[in-house]
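To find a chain, count down the sequence lines: A is the first, B the second, and so on, and within it residues start at 1. Heavy-atom basis, side chains included; hydrogens, waters and symmetry copies ignored.
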Amino acid sequence: MKEISQNTIESVDINGFQDDLLRWFEAEQRDLPWRKDKDPYKVWVSEIMLQQTRVDTVIPYFHRFIEQFPTIKDLSEADEEKVLKAWEGLGYYSRARNLQAAVREVHEKYGGRVPDTPKEISSLKGVGPYTAGAILSIAYGIPEPAVDGNVMRVLSRILSIWDDIAKPSSRKIFESSVRKLISHENPSYFNQALMELGALICTPTSPSCLLCPVREHCTAFYEGTQHELPVKTKTKKQRNVQLAAAVLIDDHERILIHKRPGKGLLANLWEFPMAEINIAYVSDKDQMKDVFSTQFGAKVEIQEMTGQIEHVFSHLTWNINVYKGKIIKLEKEKSDLKLVSLEEIKEFPFPVSHQKIWKQYLDSRG
DNA sequence: CAGTCGTGGGG
DNA sequence: TCCCCAAGACT
């Protein structure tokens with residue numbers, strides 16, 4: 001049996017820890033666009049974008065989003081299609097739809113002022129325990145915990161907490177730790193500093209303990225267990241889905257696109273007509289014609305298979321056979337089907353997988 | 001709780 | 001190439 005210490009929070013010099021952490025953050029924090037002011041709306045947008053997404057990825061999206069939707073009123077009045085287009089490529093698109101729904105609620109119910117109580121802010125769509133604490137502390141200076149993956153990693157090492165951070169129930173342990181450790185003079189910087197430390201120093205695989213401003217407070221550093229913490233069980237591997245998609249053109253050079261359902265994977269994004277196929281079949285052109293005809297009520301002619309696309313999601317992989325074809329006749333108007341020109345297609349939000357399809361088509365077309 | 005929900009970068 | 005991951009929330 002491994003001898004481990006646990007819950008050493010009683011032995012932590014809380015004031016010393018706060019001082020060392022905050023001094024480091026004031027000197028070393030990155031110059032990030034959402035740190036220019038404390039506008040709760042901008043803090044909110046940044047926190048939603050940063051969910052499961054790297055800082056470097058978010059930066060250009062944040063700039064464009066705030067330029068296009070500078071205030072809560074602007075985002076409230078925007079078409080969802082525009083919002084999704086601004087989110088295109090960022091992933092987890094329900095974040096964008098939930099953000100707009102929540103912003104509309106703030107606009108109507110709170111007169112455009114982001115609420116500053118845990119109860120009210122947590123009731124907003126897309127605002128979970130982490131985001132609630134982040135907005136309350138960063139925008140309003142309220143000493144609430146904001147426990148993300150960084151904070152769990154950092155505190156698991158400092159306090160030698162061996163609970164599995166993959167389990168939802170573990171977050172409560174870290175929240176209660178933060179409540180004991182948090183600076184009431186500057187909860188905003190305290191929370192941001194814990195995350196910044198996790199991002200820059202106390203990294204997952206090779207933490208830079210010799211550069212760490214709080215290593216003197218760190219149990220894992222003393223015991224040499226920084227590479228064993230945090231404990232995190234791994235996820236199981238995903239399944240594969242075999243699909244066929246087609247770029248279908250009518251005799252006016254217009255392209256047929258399909259709007260995905262409002263729930264589930266890539267909800268409300270547009271795509272080229274696509275259907276799941278049985279790998280057991282040899283998917284020849286005649287069979288693909290039937291697939292697209294029945295699925296989309298369109299009389300089509302498939303010319304050739306132009307390529308294959310593999311796209312990996314968190315929990316599944318798409319293998320897409322891509323076809324090129326012509327539209328003979330659309331049976332009737334459907335709101336989720338549209339014929340668009342080469343110019344118009346740029347206005348619609350597509351998932352990255354179908355951006356690949358479009359790029360491949362344009363290349364093959366010369 | 002366990003599965004769903006994206007994407008691009010890095011070891 | 002493969003796998004893990006990165007400032008989580010929802011069902």
>> Tell me the interatomic distance from A:Asp164, atom CG, to B:dC1, atom C1', rounded to whole angstroms.
In response: 12 Å

>> What is the distance, to the nearest angstrom, from the CZ atom on A:Phe313 to the P atom on C:dC3?
In response: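 So the CZ-P distance, A:Phe313 to C:dC3, works out to 18 Å.
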
Tabulate atom names and distances for all N/O pairs under 3.5 angstrom spanning the protein and nucleotides 8-10 of chain B.
{"from": "B:dG8", "atom 1": "N2", "to": "A:Arg54", "atom 2": "NH1", "distance (Å)": "2.4"}

>> To check you understand the geometry: which heavy-atom pair defines the closest contact between A:Asn268 and A:Lys259, and what is its length?
In response: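 Nearest heavy atoms, A:Asn268 then A:Lys259: O-CE, 3.7 Å.
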
> If you measure from the P atom in B:dT4 to the same atom in C:dA6, how many Å do you get, rounded?
Replying inline: 22 Å

> Which residues in residues 184-209 of chain A have at least one heavy atom lying under 4.0 Å from any atom of DNA chain B?
Replying inline: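 Under 4.0 Å from DNA chain B: no residue of residues 184-209 of chain A.
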
> What nucleotide, of C:dC10, B:dT7, B:dC1, holds the atom closest to the side chain of A:Asn98?
Replying inline: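 From the listed options, C:dC10 comes nearest.
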
> Between A:Lys263 and A:Arg95, which is nearer to the 5' end of DNA chain C once each is assigned its nearest nucleotide?
Replying inline: A:Arg95

> Do A:Asp290 and A:Ser293 get their side chains close enough for a donor-acceptor pair, meaning under 3.5 Å?
Replying inline: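 No pair is found: no donor N or O on one side chain lies under 3.5 Å from an acceptor on the other.
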
> Between A:His311 and A:Trp318, what is the ring plane arrangement, given parallel below 30°, perpendicular above 60°, and tilted in between?
Replying inline: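 Answer is tilted, since the angle falls between 30° and 60°.
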
>> Classify A:Val55 by what it touches in the nucleic acid, base, sugar-phosphate, or nothing, heavy-atom distance under 4.0 Å.
In response: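 Answer is base: heavy atoms of A:Val55 come under 4.0 Å of a base.
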
>> Using a heavy-atom cut-off of 4.0 Å across all strands, would you classify A:Arg239 as base, sugar-phosphate, or nothing?
In response: sugar-phosphate

> Under 4.0 Å between a side-chain N or O of A:Tyr92 and OP1 or OP2 of C:dC10?
Replying inline: no

>> As a quick check of understanding, evaluate side-chain contact (heavy atoms from CB on, under 4.5 Å) for A:Ile327 and A:Leu339, giving each step before the final call.
In response: CA-CA 10 Å; A:Ile327 301 164; A:Leu339 278 167; 3.6 Å; yes

